[in-house]
Amino acid sequence: LGGAMQLTLAMRRADDPQLPADFRKAYAEIPEAGAVHVQALEDSFISGYTIWNDIFGKPALLLRVDMSREIYARGRETIRYLVTWLLAIGLGFGLAMVVLMERLVLGRLSRLITDVDRIGASSDVGARVTVGGDDELAGLASALNNMLGALQHSQGELQESQRQLSSLMSNLPGMVYRCRDDEECIIEFASEGCVELTGFQPEEFQGDRKISHMQLIHPEDRERIRQEVREAVLANRPFHLEYRMITARDETKCVWEEGRGIISANGTVKFREGFISDVTQQKLAADRLRLQGAALESAANAIVLTNRDG
């Protein structure tokens, strides 16, 4: 029968005590004679089971029919080929995307970053980044160039403003300064007028010598000046001072100073800025006038002033 049907048949007695495990499982699963139970024993074969009753209607024989799973095998092979082709196509697509990303995005982005780093390292706001195309990266490059242009314009205006301020301060008959608001009052900036006024070069105030504001004031005037400045800073108002200054050549000059404390973002005063001018000649002239006035008041006889004609 198996040869005629070109199938593999196996038959067992239902009451066989050495019934194989697959027959026992099928016997338990088949509800009645004539019913069929199918299960796969191996990947390459599928088996069907049924029960034949005897003449008394009792289960007598178990029949197993094995069939090759050719369709299943072909299906698995087809799936394997499909998965292989999908992986190959996916890999090729991924490589193509990487190449396109490198050419269209990553390479251009890398050049953009290189240009930005170069401009940042050189601090040359006149330089520009170069990214071709008409996409988001090109828009970003254009925005960066516009920002650099605005910075260049602002830098030019700042430099011109600094030039004008420097020119103005160099023409002032005195010294513009910035010093710390502490006991020593170390001067951190002094205009060119400091040379004629103090005898020190501007660089000497910024070097290791750390010439202080108090060092320039006559010892007899220091405590008074310190007190007047402290009161003005605490009251947040300008201070106006007149005192004697000791120059680099140990000369004594009478000076007039105006300034005020600079309030920082946290509300504290860390620096003072001001202007100091030489009023020695004015002071001497005023003293001479006072002496002349005192002499006139104390004269016993009248003093008459006439011109050349009498």
Do [X] and [Y] have side chains that approach each other closer than 4.5 Å (heavy atoms only, starting at C-beta)?
X	Y	result
V38	I46	yes
R272	V229	yes
R12	Q18	no

Enter the distance from [X]:[atom1] to [Y]:[atom2] here, rounded to the nearest 0.5 Å.
X	Y	atom1	atom2	answer
I225	H218	CD1	NE2	12.5 Å
D16	F23	CG	CZ	9.5 Å
R260	E258	CZ	CD	12.0 Å
R111	L109	CZ	CG	10.0 Å
N53	L61	CG	CG	9.5 Å
I51	Y27	CD1	OH	5.5 Å

Following the transitive rule for hydrophobic clusters with a side-chain heavy-atom cut-off under 4.5 Å over Ile, Leu, Val, Met, Phe, Trp and Tyr, establish whether [X] and [Y] coincide in one cluster.
X	Y	answer
L112	L148	yes
F271	Y177	no
M214	V269	yes
V279	M175	no
M147	L140	yes

What are the two closest heavy atoms between [X] and [Y], and how far apart are they?
X	Y	result
C194	F200	SG-O, 3.3 Å
E204	Q201	OE2-N, 2.8 Å
M245	I276	CE-CG2, 4.0 Å
C185	C179	O-CB, 3.8 Å
F239	G261	CE2-N, 4.4 Å
E32	I30	O-CG2, 3.1 Å

[Y] and [X] side chains, donor-acceptor separation under 3.5 Å:
X	Y	value
Y243	E257	yes
Q152	R128	yes
Q227	E223	no

Could you tell me whether a side-chain N or O of [X] sits under 3.5 Å from a main-chain N or O of [Y], the two making a donor and an acceptor?
X	Y	answer
D54	P59	no
S142	A138	no
S212	I186	no

Pair [X] + [Y]: basic N to acidic O under 4.0 Å:
X	Y	result
R118	D115	yes
R180	E188	yes
R64	D66	yes
E228	R224	yes
K270	D181	no

Take atom [atom1] of [X] as the centre, draw a 6.0 Å sphere, and report whether it contains more than 12 heavy atoms from other residues, nucleotides or ligands.
X	atom1	value
E157	CD	yes
M67	CE	no
I71	CD1	no
E196	CD	no

Side chain to side chain contact (heavy atoms under 4.5 Å, CB included) evaluation trace for T252 with I246:
CA-CA 5 Å; T252 301; I246 305 299; 3.6 Å; yes
Aromatic plane relationship, H240 with W256 - under 30° parallel, 30 to 60° tilted, over 60° perpendicular:
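Parallel: the ring planes of W256 and H240 meet at under 30°.
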Applying side chain to side chain contact (heavy atoms under 4.5 Å, CB included) to K253 and T247, what does each step give before you reach the verdict?
CA-CA 8 Å; K253 292 183 178 181; T247 68; 3.9 Å; yes
Does the side chain to side chain contact (heavy atoms under 4.5 Å, CB included) test come out yes or no for L197 and V255, once each step is laid out?
CA-CA 9 Å; L197 181 66; V255 297; 4.1 Å; yes
E29/Y49 under side chain to side chain contact (heavy atoms under 4.5 Å, CB included): CA gap, chis, key distance, verdict
CA-CA 10 Å; E29 295 290 339; Y49 301 82; over 6 Å; no
Only one of R24, K25, R13 clears side-chain contact (heavy atoms from CB on, under 4.5 Å) with L19; which?
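Single pass found, and it is R24.
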Ring pair (Phe, Tyr, Trp, His ring centres under 6.0 Å), that's the test. Do F189 and F205 meet it? Break it down for me.
CA-CA 7 Å; F189 169 79; F205 291 97; 9.6 Å; no
